[in-house]
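Convention: sequence-line order gives letters A, B, ...; per-chain numbering from 1.
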Amino acid sequence: MPELPEVETIRRDLAAAIVGRRVVRTEVRDASLVHAPSVAGFGRGLRGKAVQRADRRGKYLLLHLDDGALVLHLMMSGRIFLRPADDPVGHTRLVVEFDEGPALHFVDVRRFGRAWLLPPPGVDALLADLGPEPLEPGFDGRVLQAAVGGRRRAIKPTLLDQRIVAGVGNIYADEALWLARIHPDTPAGSLSLRRLNNLARAIVTTLRAGIEYDGTSFLTHVGSRGERGRYQERLNVFQRTGEPCPRCGRAIERLVVGQRGTHICPRCQRRRG
DNA sequence: CATTGGACCTGACCGC
DNA sequence: TGCGGTCAGGTCCAAT
């Protein structure tokens, strides 16, 4: 599922539901989910810890504990549900039970998702290579230009590179490039500062709108109580092949850029040298 | 170094 | 119904 707006939606759910709760029991149902420490150490380390804060960095969900953090990444198909510990749905990989209230269930059909229990330096190391948070102050065309300078790689896979900017994925990359009227194949280093400023603004606008509508429930994303996001109703190009561009009416086209399905308006997003 | 292609998994969907 | 191919909100690693 998840890009920045979907993870942020879940973060807000968790901030309201489990901050202040203490872990009483952990059930790892799929050992491949746990990347650090060992499965045994993971459960032992969580027991008795209280959740101080629910945070997010890019697409990573950070549940800060008394010392260190439980870090979750949902990858393509991960979901977080808050529900009774004894009532898991299919494909549940991890259940974290608290002293009161519902348990946290990590559910993931494709099993790409990851979990870590790390001390503070480990958290820092895990996140060290991430680029800037696009919704924090200071994110603009100049920041993009500094990261992209001289690169010949196409702008779309550049945006998907989490070292350039944290949290943008396939949906919001397509939507932001449409908003900024930039063809996804354009070499990143060839974009003027003016166009990079437009793009930075488009990224911010698109991500904020995604959060406002609780994310995009296209394939798998739902909130922690199972509620669907509504941003799929506001998408302009993503998965709208053949439908009219909301700006000019031309039919949206699908192409492949950097091995990812990509959606553009061929009139609004012309290739240019 | 920068960039690309395949791997990692499972399930849904489409055409034959 | 069954089979094969394609596709899916992501990231990592090996090969150019």
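- Side-chain rings of A:Tyr172 and A:Tyr231 approach one another, their centers coming within less than 6.0 Å.
- Taking atom C1' on both B:dA12 and C:dT11, the two are 23 Å apart, rounded to the nearest angstrom.
- Hydrophobic cluster membership is shared by A:Val96 and A:Val34, with clusters built from Ile, Leu, Val, Met, Phe, Trp and Tyr side chains linked at under 4.5 angstrom.
- A sub-4.0 Å separation between OP1 or OP2 of B:dG11 and a side-chain N or O of A:Arg110 is absent.
- For the pair A:Arg114 CZ and B:dA7 C1', the computed distance is 12 Å after rounding to whole Å.
- The nearest whole Å value for the distance from the CE atom in A:Met75 to the C1' atom in B:dA7 is 11 Å.
- In this structure, A:Arg260 reaches the C:dG10 phosphate: one of its side-chain N or O atoms is under 4.0 Å from OP1 or OP2.
- Proximity of A:Gln259 to the phosphate of B:dT4: no side-chain N or O atom is located under 4.0 Å from OP1 or OP2.
- Linking ILVMFWY residues whenever their side-chain heavy atoms come closer than 4.5 Å, directly or via other members, places A:Leu159 and A:Val143 in the same cluster.
- In this structure, A:Thr158 reaches neither bases nor backbone, as no heavy-atom distance under 4.0 Å exists between it and the strands shown.
- With A:Glu97 as reference, A:Arg25 is the one residue of A:Arg25, A:Arg22, A:Arg21 to meet the salt bridge (Lys or Arg N to Asp or Glu O under 4.0 Å) rule.
- Taking atom P in both C:dG5 and B:dG6, one finds a spacing of 16 Å when rounded to whole Å.
- Taking only side-chain atoms of A:Arg152, from C-beta outward, the nucleotide of C:dT11, B:dT3, C:dA8 with the closest atom is B:dT3.
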